[in-house]
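A, B, ... follow the sequence lines: proteins, then strands. Residue 1 opens every chain. Note that the structure is predicted; figures quoted are calculated from it, not measured.
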Number of protein chains: 2
Amino acid sequence: MNSDTYQLDETDRRILLALDADPRVPIMMLAQQLGLARGTVQSRLERLANSGALRPNTARILPAAMGRGVSAFVSAELDQARLNEAIAGLRQIPEVLECVAPAGDTDLLIRVAATDPDDLYRVSEEIRLCPGITRTSTSMILRDVIPFRTTELLKKLSGEKH
Amino acid sequence: MNSDTYQLDETDRRILLALDADPRVPIMMLAQQLGLARGTVQSRLERLANSGALRPNTARILPAAMGRGVSAFVSAELDQARLNEAIAGLRQIPEVLECVAPAGDTDLLIRVAATDPDDLYRVSEEIRLCPGITRTSTSMILRDVIPFRTTELLKKLSGEKH
DNA sequence: GGAGATACTGGTCATTTTGACTAAAATCTA
DNA sequence: TAGATTTTAGTCAAAATGACCAGTATCTCC
């Protein structure tokens, strides 16, 4: 784990949780709602923004809202010596939303979004053509059962000893 | 695809992209930066917030910032008749960040976060114990190669015919 | 146990932003 | 082309912002 990652503390978490309910509350409201001084919340927010603990804002956009209602996982095997080339290639494909390296026989697991199955085919072809990628296997996502969230985890942390 | 999803238009996308560079710009700055009237940006933002096109704010938090530096995919097979029970169970596990139903032999693919490998084991046990889940297989994520993003897709759309 | 660093409070200030409204112009669409 | 929807550009009073400050509380490490 990246232990140099900024660790949220209880106050950060409370702010974030409150912000979730209403992302545009003025800092003053937020402060009195949380029982903190305005300056505190203000500096916390500033710190949070620079902490690297948050993804960019656009990561909140649901692909479906961009007409990309079809998503899939593409697992790729690759010539390990060319890993960096492959990553660089993937990075340039806009439809590649995310990519992780799991333990096991799949070298890379790639999350993609497409307009329709045809488009999905095109995208997976594009992935297959990335340098170093030897084979891929695509598995369409039929249903988004639990959309990405951290709320529950955040709440759990707030319940623990601080 | 959920075709009742609100579809972002070019203006929405430009706003979102600009907001990415600086999430707290005042609306006025944003407006003049984009060459739009303030009222336009204001109403767009309001609409966006209610459109359901965005995940909650807390979805931006990186698990590592919550001390959950270890993530994994857990694939689960289940008694299909008890799908809803299983989902309800999963929903209650804070460490379950996301869950999708892919085509193929895996019934559910679950994204989890944990503090360390031991904790990961505990979480996967908890998943295994969900009603309806018959077997699971956990694969740890070794590296976050491309963290979730939509920026590139957003930019691509803006380059197309509007 | 204490010194120093760091964070929080509660206060002020001038400047900007906000939200809520207009009416008119521009754009879209059936 | 007529009607509906958006956008513009403007006003207003009320409120929020960012930048201060000194005093206090809390942490941390020797």
Side-chain angles (χ1 to χ4, degrees), chain A residues 1-54 56-57 60-61 64-67 115 154 157-162, chain B residues 3-54 56-58 60-62 64-67 115 154 157-162:
Chain A
M1 138 181 194
N2 246 4
S3 57
D4 62 348
T5 309
Y6 173 73
Q7 293 296 310
L8 305 177
D9 66 13
E10 178 61 16
T11 307
D12 291 322
R13 292 193 297 258
R14 291 210 302 141
I15 292 176
L16 256 1
L17 237 20
L19 234 34
D20 223 8
D22 177 359
R24 285 189 74 81
V25 261
I27 300 183
M28 293 187 81
M29 304 263 129
L30 199 56
Q32 72 181 74
Q33 184 183 326
L34 298 177
L36 296 170
R38 184 173 73 98
T40 306
V41 178
Q42 191 172 322
S43 55
R44 287 297 188 137
L45 283 177
E46 198 163 331
R47 189 206 300 180
L48 273 173
N50 304 324
S51 66
L54 302 178
N57 234 285
R60 286 178 56 202
I61 305 173
M66 296 184 286
T115 57
L154 221 44
L157 292 188
S158 296
E160 291 169 0
K161 63 172 187 311
H162 335 306
Chain B
S3 57
D4 62 349
T5 309
Y6 173 74
Q7 292 296 310
L8 305 176
D9 67 11
E10 177 62 16
T11 307
D12 291 322
R13 292 192 297 259
R14 290 211 302 143
I15 292 176
L16 256 3
L17 236 20
L19 234 35
D20 224 8
D22 177 0
R24 285 190 73 79
V25 260
I27 301 184
M28 292 187 83
M29 304 264 129
L30 199 56
Q32 72 183 71
Q33 184 183 327
L34 297 176
L36 296 170
R38 181 173 76 101
T40 306
V41 179
Q42 191 172 322
S43 56
R44 288 297 187 134
L45 283 178
E46 198 162 331
R47 190 205 301 177
L48 274 173
N50 304 324
S51 66
L54 301 178
N57 234 286
T58 45
R60 286 177 57 202
I61 305 175
L62 296 168
M66 296 184 287
T115 57
L154 220 45
L157 293 187
S158 295
E160 290 168 0
K161 64 173 184 311
H162 337 306

Taking Q32(B) for its side chain and A37(B) for its backbone only, find out whether a donor-acceptor pair lies under 3.5 Å. no

Strictly under 3.5 Å: I want the nitrogen or oxygen pairs between protein and nucleotides 23-26 of chain D, one per line.
none

Table please: side-chain donor-acceptor pairs of residues 14-23 of chain A below 3.5 Å, with sequence neighbours left out.
unit_1 : atom_1 : unit_2 : atom_2 : d
R14(A) : NH2    : L34(A) : O      : 2.9
D20(A) : OD1    : N57(B) : N      : 2.8
D20(A) : OD1    : T58(B) : N      : 3.1
D20(A) : OD2    : T58(B) : OG1    : 2.4
D22(A) : OD1    : R24(A) : N      : 3.1

Pairwise distance CZ(R44(A)) to CG(D12(A)) - rounded to 0.5 angstrom: 4.5 Å

To the nearest 0.5 angstrom, please state how far the OG1 atom of T11(A) sits from the CG atom of L36(A). 6.0 Å

Bend angle of the helix from dG1(C)-dC30(D) to dA30(C)-dT1(D) from five-pair axes at both ends, rounded to 10°? 80°

Starting at CG of L45(B) and ending at C1' of dT7(D), how long is that distance when rounded to a whole Å? 15 Å

Scoring nucleotides 11-21 of chain D by protein non-hydrogen atoms under 4.0 Å (B base, S sugar-phosphate only, - none) yields B----SBBB--

Rounding to 0.5 Å, atoms OH (Y6(A)) and CG (L54(A)) come to a distance of 10.0 Å

List, with names and distances, any nitrogen or oxygen atoms from the protein found under 3.5 Å away from nitrogen or oxygen atoms belonging to nucleotides 5-7 of chain C.
none

Closest heavy-atom pair and its distance - R13(B), S158(B): NE-OG, 3.8 Å

For Q7(A) and A64(B), indicate whether the former's side chain and the latter's backbone hold a donor-acceptor pair under 3.5 Å. yes

Reading 5' to 3' through nucleotides 22-27 of chain C, protein heavy-atom contacts under 4.0 Å coded B for base, S for sugar-phosphate only, - for none: ------

Distance (rounded to the nearest 0.5 Å) between E46(A) CD and S51(A) OG: 12.0 Å

Using every non-hydrogen atom in the two residues, find where L8(A) and L48(A) come nearest and quote the distance to one decimal. CD2-CD2, 3.5 Å

Residue pair Q42(B) / I27(B): nearest heavy atoms and the distance that separates them: N-CG2, 4.0 Å

